[in-house]
Amino acid sequence: MILLDVGMPAMDGLEVCRRLKSDPATRLTPIVLVTGQTDLSDRIRGIEAGADEFLSKPVHPHELRARVRSLSRVKHLIDDLDSAEAAFVTLALTIEARDPLTKGHCERLASHAVRLGQAIGLADDDLEALHRGGYLHDVGKVGVPDAVLLKPGPLTADEFELMKRHPEIGDSLCAPLQSLRRVRPIILSHHERLDGSGYPNGLRGDEVPLLAQIVGIVDVFDALTSKRPYREALATEEAARHLLAEAGRGRFARNHVEAFLDTMSLLLASTVH
Ligand SMILES: [Fe+2]
């Protein structure tokens, strides 16, 4: 945790606080602002800068010790959650590694989803959820039998039913983690389609969470452009045309598909043909 005086030469404590709280690497570190004034507006500006606690000068040693103890306790809890999330990401990457044909899928998905999110002007916390969702969307595949997951061919109807359980398995795995609450809708709904033809809940239109729609689009693109045991990888232009056709059938939002193809410099290539 960090004890920060508000009044400092050059950059003041409020600005330091703001910068630390906007950097993903440091934003979970508790910050106590030490302020000379008991001015309310100072505190409000401190809250806006993301400070976790305030101490007024002169600082009483007992109070200081109590605050440090309680915030350290909170930080330890957060670190535990962080490591639980890291364990899930490791699990997701392990699942991916079992199938050599899906190598790099999670990483590509994370970066493509963020690019599409940026293209349609989403806020930073949505972009972060997309990044984590890219890695974690298929974590529920841990509950799908290897014989189905690694089958070198198209699935039978029964096998597909087993495969279709992975979004709900993933969602319930991540449910205890408060830090993943914004990522869970991506995990649960990345196979939903706007026309209601997706799974697991057959959601329609706006019922499909926006971030899940985005991951759904880039997931399909990545699947099409990756080699499968029963078919070669599609050329990117061909995959682009397929996505546009899916949008035409009402399964994806056309403007999102176009924005994605635009970020991949594929929009013109796919409409010229
Ligand atoms: Fe999936």
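Atoms within a ligand are numbered from 1 in the order they appear, just like the ligands themselves.
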### Pair His256 + Phe260: ring centers closer than 6.0 Å
no

### Task
Give the cluster check for Ile187 versus Leu91: same hydrophobic cluster or not, with ILVMFWY residues linked at side-chain heavy-atom distances below 4.5 Å.
yes

### Message
Taking Leu109's backbone N and O only, do any of them form a donor-acceptor pair with His112's side chain (distance below 3.5 Å, no angle check)?
### Response
no

### Task
May I have the angle between His166 NE2 and His190 NE2 with its vertex at the Fe ion (ligand 1), rounded to 10°?
100°

### Message
Using modelled atom types and a 3.5 Å cut-off, is there a donor and acceptor pairing between side-chain atoms of Asp52 and backbone atoms of Val32?
### Response
no

### Query
Counting backbone and side-chain atoms alike, does His137 have an N/O/S atom under 2.8 Å from the Fe ion (ligand 1)?
no

### Task
Please confirm if an N, O or S atom belonging to Asp138, backbone or side chain, lies less than 2.8 Å from the Fe ion (ligand 1).
yes

